[in-house]
There are 2 protein chains.
Amino acid sequence: MTSDRIWASLFERLKTTTGADDKKLLFLAALPVSLRDFRENQTVLRDGEEPSECCLIVDGFCVRSKTIPDGRRQILSIHIPGDLPNLQNLHYATVDHDLVALSDCTLAFIGHRALKELIRERPGVGEMFWRDTLVDAAISREWLVNVGQRSTYNRLAHLIVELRERLRLVGRVIDNTFAIPLTQEQLGEAMGVTSVHTNRILRDLRIDGVLELQRGTVHILNEHKLQELAQFDGRYLHLSPSS
Amino acid sequence: MTSDRIWASLFERLKTTTGADDKKLLFLAALPVSLRDFRENQTVLRDGEEPSECCLIVDGFCVRSKTIPDGRRQILSIHIPGDLPNLQNLHYATVDHDLVALSDCTLAFIGHRALKELIRERPGVGEMFWRDTLVDAAISREWLVNVGQRSTYNRLAHLIVELRERLRLVGRVIDNTFAIPLTQEQLGEAMGVTSVHTNRILRDLRIDGVLELQRGTVHILNEHKLQELAQFDGRYLHLSPSS
DNA sequence: GGGTGATCATAACAAATGTTAAGTCATGGG
DNA sequence: CCCATGACTTAACATTTGTTATGATCACCC
């Protein structure tokens, strides 16, 4: 795979969110990476590990998740191409959750040492990544609002709109149709409800003509209704460098 | 107020979590700050603002919260002395939630400009703060698990144990008794349930001899039962510099 | 020292969500 | 081609949680 394809999604995103110039990005592209493929459901990082690399999602979907002693599992975030789901391990050793491939995935691993060196030489790169982790935190807080306060019906609409906005940034939305390769059980784990209830809500959304979800692909049927349900205010994504 | 008292809680925490040496902390203590007092329920930062300072909680409790259009409110985090609840605004302009004083509070405001200068001169200080925001994010993820997967009964136990661990770090736990100055309605907003239901759960915990909450003060009655309910694994707080 | 408003407490009932169970539908492997 | 498997779908029923309402209690102010 060419270096271009490895970095493309991340660079697209960073250009929009931080206004990064090509020079800064060239330093990144010069970092040594090692590519590794993962299959659907394969664990990338396990709770308790102490990785010596950060990973960049080149292609495919991953989730962070946490399993509590009684076996229940919460999906903490959905990660898409261009995401750096464990940048935090640059500053503390232990992963405190799992990172699992949702679909077949290609990941690029970047050694902490090389990354830290680059950041030391180019503080601007560090600021960019710091910001990235801060937006990641803002997304977690919005998920907390979603799970804590919105009805499951609205909650699912919000989750889908957020994912669409993020996918759009990296060119993964075509004809208002995009991938969300979660099973109903996994969607439930992201929303804090059971798979049975997720099924009910999906049925309602289908019957109400809002959207359809088939084999991991979302089709929006009524954009206006969807917006109304999601009450989506994307400011928390901080898409513009100045916000 | 002396500079010592202003920085005491933050320094205590940073020494434990990052192993920061006195030298690094002296640079911090040299930063110009402006003190401001807030009364109970006063808003410190409002959703949408673009502050030019970060604030340090010197004394008292604050919460971050987010209100959705239908009026429901989610408390995103509880902040205690030593916390820096809006460090994120160093790297993006807009606050995407409210910051509200839970009790009468003293806050120290530190200008972005001075802070950024210090970080440029002392990258180690920047790394320490970056880490701090990463732990803040890890706490948000744990709250997501709490709200999404634990029963309300266990959820409240977990919230209380987490708060106790964090308060202990800054010397605010005496005789296993500590402050949690949230009304039942606010506790409900933190857990994603109504105040009526919060009241039910508190009654159950009282009847079961686990703990009592009176006028904002927690008394642990049965430590063993509390642990059992909370299933608390504090690794996500990353209290040790090496984890 | 009596009003006033917030908070706490509790009950009855309604609505949302979980549990269990069963059957259907796709898909890939032998 | 058929079987095995996982995912999806639905229903009946149980449990949790929300809603609404009503008093009780507490803190504070005039």
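Lettering of chains follows the sequences in order, A, B, ..., and the numbering in each one begins at 1.
For residues 43-66 of chain A, the pairs satisfying salt bridge (charged side-chain N to carboxylate O under 4.0 Å, His left out) are Arg36(A)-Glu53(A), Asp47(A)-Arg235(B), Asp59(A)-Arg172(A), Arg64(A)-Asp136(A), Lys66(A)-Glu142(B), with sequence neighbours left out. Listed by first and then second residue, the ring pair (Phe, Tyr, Trp, His ring centres under 6.0 Å) pairs involving residues 177-223 of chain B amount to none (not counting sequence neighbours). For the ring pair (Phe, Tyr, Trp, His ring centres under 6.0 Å) condition, no pair includes a residue of residues 42-69 of chain A, sequence neighbours left out. The salt bridge (charged side-chain N to carboxylate O under 4.0 Å, His left out) analysis of residues 221-231 of chain A, with sequence neighbours excluded, yields the pairs Arg164(A)-Glu223(A).
Between Arg206(B) and Glu212(B) no salt bridge is recorded (no basic side-chain N to carboxylate O distance below 4.0 Å). Comment: Asp98(A) does not engage Arg73(A) in a salt bridge, judged by the lack of any side-chain N to carboxylate O separation of less than 4.0 angstrom.
Mapping Asn41(B) and His197(A) onto DNA chain C by nearest heavy atom places Asn41(B) at the nucleotide closer to the 5' end.
Atom CG of Leu156(B) and atom C1' of dT17(D) are 15 Å apart (whole Å). For the pair Ile201(A) CD1 and dT10(D) P, the computed distance is 13 Å after rounding to whole Å. Taking atom CD on Glu189(A) and atom C1' on dA7(D), their separation rounds to 14 Å, with Å as the unit. Per the geometry, CD belonging to Glu40(A) stands 13 Å off C1' belonging to dT5(D), to the nearest Å. Distance Glu185(A) CD to dT19(C) C1': 14 Å, rounded to the nearest Å. Distance CZ (Arg39(B)) to P (dC28(D)): 15 Å, rounded to an integer number of Å. In this entry the distance linking CG of Asp204(B) with P of dT15(D) reads 16 Å, nearest Å. Rounded to whole angstrom, the span from the CG atom of Asn154(A) across to the C1' atom of dA15(C) amounts to 15 Å.
The residue Gly192(B) sits close only to the backbone: its heavy atoms come under 4.0 Å of sugar-phosphate atoms, none of a base. Among the protein residues, Thr152(A) comes within range of the sugar-phosphate backbone only, with heavy atoms under 4.0 Å from sugar or phosphate atoms but none that close to a base.
At a non-hydrogen distance threshold of 4.0 Å, nothing from residues 60-78 of chain A comes into contact with DNA chain D.
Taking Asp204(B) as the reference, nothing meets the side-chain hydrogen bond (donor to acceptor under 3.5 Å, both in side chains) condition, with sequence neighbours excluded. Not counting sequence neighbours, the partners of Arg168(A) by the salt bridge (Lys or Arg N to Asp or Glu O under 4.0 Å) test are Glu165(A). Applying the side-chain contact (heavy atoms from CB on, under 4.5 Å) criterion to Ala190(A), with sequence neighbours excluded, gives Ile75(A), Trp143(A), Leu159(A). In terms of the side-chain hydrogen bond (donor to acceptor under 3.5 Å, both in side chains) criterion, residue partners of His238(A) (sequence neighbours excluded) are, by chain and number, Asp96(B).
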Is there any protein nitrogen or oxygen under 3.5 Å from a nitrogen or oxygen in nucleotides 9-11 of chain C, and what are the pairs?
residue: dA9(C); atom: OP2; partner: Gln184(B); partner atom: NE2; Å: 2.7
residue: dA9(C); atom: OP2; partner: Asn199(B); partner atom: ND2; Å: 3.2
residue: dT10(C); atom: OP2; partner: Arg203(B); partner atom: NE; Å: 3.4

Enumerate the protein-to-nucleotides 22-30 of chain C contacts in which both atoms are nitrogen or oxygen and the separation is below 3.5 Å.
none

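Residue Thr194(A) places at least one side-chain N or O under 4.0 Å from the OP1 or OP2 atom of dG18(C). Between Thr183(A) and the phosphate of dA7(D), there is no side-chain N or O to OP1/OP2 separation shorter than 4.0 Å.
Axis angle across the helix from dG1(C)-dC30(D) to dG30(C)-dC1(D), with five pairs used at each end and values rounded to 10°: 40°.
Looking at Asp37(A) and Thr106(A), their side chains do bring a donor and an acceptor atom within 3.5 Å of each other.
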